[in-house]
**Student:** 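Have a look at this one before I ask anything.
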Amino acid sequence: MQTQDPMQLSLFDFTFEEAHQGSNSDDHSSEGNLTVSENDFSGASPNDISEQDGVDMEEKQSVEKEEDTVSEFDGISSVEGFLKKYISGTGEENLSTWSGSYLTKNSVELGLKSSMLAHNGDKFTQKELISIMESLFQTSHQKAVIPLGEKGLKQWFIDNLISELEVKPIQQFLVKRSKKLNYKSVFQLILRFTEFESMVSKATRKKPSELGREDFLNPELYAEVMTSQFYYQNFALFYKQMNPFTESSLTYTPKERIEVVLPPAVQSFLMYKKRQGTTPERLDKYRYDLHRYLRWSCNVLNDFSAYPIEKVPFTLFTQEHLKTYKNYLIKGVQSGRFAENGSMKHFKNIKTVFSTLYHMRFLKSDITRGIRNIEGDDYQSRYMPTDAEIEKFFAAIDQYSDAPQLDKLAFGFMLYLGFRSCELAKLRWENINWSLQDVKFTAKGGKVHSLPLPPRVMDLLQEVQKQENGLVFGKKEQPLRSLLSLKYRIYTLIADWKEASGPHQLRHVYITRLTKQDVVPKALKRLARHDSLATTSLYIHRTEDEVKEKAQQISFPWEVH
């Protein structure tokens, strides 16, 4: 089979400005239709394949149970089974969760009734649970700082970010724009101009410090960075600054959003999955993965080059096509274009589609049989901030936030209770029981959980103006997640964290800290609110020094003491 040169695909180029204005990048309400733009498949980094700022892709894919009937056995279920036997002494499922029949109960009434939750009793009380939560962090948020607000934050950008750029005209332009734009726009411009400086340096084969005014006069250099009207307006001003005595200017034509209709087989697959109870988020992931695969097929495989995406005949796909795509992904991982974890899950989803269509009798043979998943490790190590770094993070919020009380509350829920950003978006004031110091909330997958509120979180709640009802954070999910992601990046920069991958990092910190308090497995699983201990294990991180210290504590019978 002949193939053309593979083309690189990347995730939707979803900008903060679009999210902040309240418009989602895609509306996937129709069952077989997907609305995208040509620009949607450009501009994302390789790591975007595994996770979009704050988007909880690791959990979305690792706990999906409906795939088990059609996807390949990956060994996780056997690990989970072993852990269940180890914990309870039997292979039977006896792990209760806070959902279903517990919808009308709070954490005090639940009492976390299980003999395995405490070493010396059959009930894990609210007081004991709060004690665990309070012991996770040795931090204090009482340090007084001078609130500088947005004006102070923009000055911090000038002193610490803009000053790091080597091209003086870019520095001057950004300082001037910082006086007219809000801090969110200024931060976005700094990131984009940093990228632009590097790009012009490579194009001209000059060091950034050697770039002069004449190096910025080529309009073609601006095409890659003008991905929205906002960026066009600002780069047009910069180009005019570089070229003040000419009539020529930059031009930008927004790319029209086009409707892509997926093939009938895809629509049938999505309907089948929906009837099985697959979540809307999961269905959207299947849509994206399928569109990516079909787009690659039409551009690379000669057998499909004559077909538009919406008319690709699934009956023509063979094992050779799947093997070729698998090799394409593996080479992308090896070259650094694709993230390993994301490519593993993406290919597994494509296999699930073909396997399911075979079971639905849309295909005469199962072309996935004998094709193994892309091998790799679901576990990805994350940096865990110290108590001192966490204190600096909250101090940065106090000093520079435009809404310090709400920001501290949002990130406090993530750090001290392990909330996901999607859970914060659904949190309502009526879910908070002030007398019992308890919160009831809708988690991922629609499950309802109830947890006691530790004093740190109660203090943060008291700082926010109390309301009787309505959303606590007052924003829809996607705008809130994008806003928290941007703010998280800013505050971690100010706090000088060594690494900051996104707000979901705080949930990893929460679960990792729980394991350091010798919390027994069942309690850990419940506090993490996972369906599987195998999933919880992906959230536990140790430094090399910690691993070395524990290894040195291991003794063997043959050692002489």
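Residues take their numbers from the sequence shown, with the count starting at 1.
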**Student:** Would you compute the distance between atom CG of Leu250 and atom CG of Leu221 and round it to the nearest 0.5 angstrom?
**Tutor:**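 Leu250 CG to Leu221 CG: 10.0 Å, rounded to 0.5 Å.
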
**Student:** Within this structure, what is the CZ-NZ distance for the pair Arg372 and Lys351, rounded to the nearest 0.5 Å?
**Tutor:** 8.5 Å

**Student:** Run the ring-centre check on Phe238 versus Phe193 and record whether the distance is less than 6.0 Å.
**Tutor:** yes

**Student:** Distance to the ring centre below 6.0 angstrom and angle to the axis at most 45 degrees; does that hold for Arg529 and Phe419?
**Tutor:**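 Yes, a cation-pi geometry holds between Arg529 and Phe419.
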
**Student:** Flag the pair Glu340 / Leu329 as yes when at least one side-chain heavy-atom distance between them is below 4.5 Å, and no otherwise.
**Tutor:** no

**Student:** Heavy atoms only: give me the nearest Leu406-Phe473 pair and the separation to one decimal.
**Tutor:**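 Closest pair (atom of Leu406, atom of Phe473, distance): O-CE2, 3.5 Å.
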
**Student:** Please verify the inter-ring angle class for Phe235 with Tyr231; under 30° counts as parallel, over 60° as perpendicular, anything in between as tilted.
**Tutor:**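 Rings of Phe235 and Tyr231: tilted, 30 to 60°.
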
**Student:** Could I get the full list of ring-ring contact (aromatic ring centres under 6.0 Å, His included) partners for Tyr383, not counting sequence neighbours?
**Tutor:** none

**Student:** Any sub-3.5 Å donor-acceptor pair from Gln171's side-chain atoms to Leu165's backbone N or O?
**Tutor:** yes

**Student:** Hey, can you tell me if Tyr222 and Tyr239 have their rings parallel, tilted or perpendicular (30° and 60° cut-offs)?
**Tutor:**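 Ring orientation, 0 to 90° scale: perpendicular.
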
**Student:** Under 3.5 Å, is there a donor-acceptor pair between the His504 and Tyr488 side chains?
**Tutor:** no

**Student:** When you check the side-chain N and O atoms of Ser185 and Asn182, is any donor under 3.5 Å from an acceptor?
**Tutor:** yes

**Student:** In the structure I gave you, are the side-chain heavy atoms of Gln229 and Gln233 within less than 4.5 Å of one another anywhere?
**Tutor:**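 A side-chain contact under 4.5 Å exists here.
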
**Student:** In this structure, which one of Arg507, Glu477, Arg481 forms a side chain to side chain contact (heavy atoms under 4.5 Å, CB included) with Ser421?
**Tutor:**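 Going through the options one by one, the only one that passes is Arg481.
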
**Student:** Could you tell me whether a side-chain N or O of Asp496 sits under 3.5 Å from a main-chain N or O of Thr492, the two making a donor and an acceptor?
**Tutor:** no

**Student:** Under a 4.0 Å N-O cut-off, is there an ion pair linking Asp459 with Lys408?
**Tutor:** no

**Student:** Thr515 side chain to Thr512 main-chain N or O, any donor-acceptor pair under 3.5 Å?
**Tutor:** yes

**Student:** Does the ring of Tyr288 carry Arg295 above it, NZ/CZ under 6.0 angstrom from centre and within 45° of its axis?
**Tutor:**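 No, Arg295 and Tyr288 do not form such a contact.
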
**Student:** Is any side-chain heavy atom of Phe441 less than 4.5 Å from a side-chain heavy atom of Leu424?
**Tutor:** no

**Student:** So if I apply the ring pair (Phe, Tyr, Trp, His ring centres under 6.0 Å) rule between His346 and each of Tyr328, Tyr293, Tyr325, which one comes out positive?
**Tutor:** Tyr325

**Student:** Donor-acceptor pair, Ser305 side chain versus Asn302 backbone, under 3.5 Å?
**Tutor:** yes

**Student:** Check whether Tyr286 forms a cation-pi arrangement with Arg282 (NZ or CZ under 6.0 Å from the six-membered ring centre, at most 45° off the ring normal).
**Tutor:** yes

**Student:** Quick one about Gln155 and Asp159 (side-chain donor to acceptor, distance below 3.5 Å, no hydrogens or angles considered), yes or no?
**Tutor:** yes

**Student:** Please say whether more than 12 non-hydrogen atoms of neighbouring residues, nucleotides or ligands are located less than 6.0 Å from NZ in Lys240.
**Tutor:**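 More than 12 heavy atoms, drawn from other residues, nucleotides or ligands, come within 6.0 Å of this atom.
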
**Student:** Which heavy-atom pair separates Pro503 from Leu484 by the least distance, and what is that distance?
**Tutor:**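 Of all heavy-atom pairs spanning Pro503 and Leu484, the closest is CG-O, 3.8 Å.
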
**Student:** Where is the tightest heavy-atom contact between Thr251 and Met226, given as atom of each residue plus distance?
**Tutor:**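 The answer is O-CE, 3.6 Å.
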
**Student:** Between Lys426 and Thr442, is there a donor-acceptor pair closer than 3.5 Å when you use the side chain of the first and the backbone of the second?
**Tutor:**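 No: the side chain of Lys426 does not pair with the backbone of Thr442.
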
**Student:** Treating Glu423 as the side-chain partner and Arg420 as the backbone partner, does any N or O pair qualify as donor plus acceptor under 3.5 Å?
**Tutor:** yes

**Student:** Over all heavy atoms of both residues, which pair between Thr194 and Ile190 is shortest? Give the atoms and the distance, please.
**Tutor:**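 Thr194 and Ile190 have their closest heavy atoms at OG1-O, 2.7 Å.
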
**Student:** What are the two closest non-hydrogen atoms of Gln505 and Ser501, and how far apart are they?
**Tutor:**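 Distance-wise, the nearest heavy atoms are OE1-N, 3.2 Å.
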
**Student:** Less than 3.5 Å apart, any donor N or O on the side chain of Lys345 or Asn341 sitting next to an acceptor on the other?
**Tutor:**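 Yes, a side-chain donor-acceptor pair sits under 3.5 Å.
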
**Student:** Is a donor on one side and an acceptor on the other found under 3.5 Å between the side chain of Glu389 and the backbone of Thr386?
**Tutor:** yes

**Student:** Going by side chain to side chain contact (heavy atoms under 4.5 Å, CB included), name the residues that satisfy it together with Val167, two or more places apart in sequence or in a different chain.
**Tutor:**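 Pro169, Ile170, Glu197, Leu211, Phe216.
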
**Student:** Run through Phe137, Tyr510, Phe411 and flag the one making a ring pair (Phe, Tyr, Trp, His ring centres under 6.0 Å) with Tyr416.
**Tutor:** Phe137

**Student:** If I compare all heavy atoms of Ile371 with all of Lys323, which pair ends up nearest, and what's the gap?
**Tutor:** CD1-CG, 4.1 Å

**Student:** Judged by atom type as modelled, is there a donor-acceptor pair below 3.5 Å linking the side chain of Lys168 to the main-chain atoms of Gly212?
**Tutor:**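 Not a single qualifying donor-acceptor pair exists.
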
**Student:** Test: side-chain hydrogen bond (donor to acceptor under 3.5 Å, both in side chains). Region: residues 210-219. Which pairs qualify, not counting sequence neighbours?
**Tutor:**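 Matches after skipping sequence neighbours: Lys206-Asp215.
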
**Student:** Using modelled atom types and a 3.5 Å cut-off, is there a donor and acceptor pairing between side-chain atoms of Ser335 and backbone atoms of Gly332?
**Tutor:** yes

**Student:** Would the distance check show the side chain of Glu150 and the main-chain N or O of Tyr183 forming a donor-acceptor pair, the cut-off being under 3.5 Å?
**Tutor:** yes

**Student:** So with a 6.0 Å cut-off around NZ of Lys392, is the heavy-atom count from everything else above 12?
**Tutor:** no

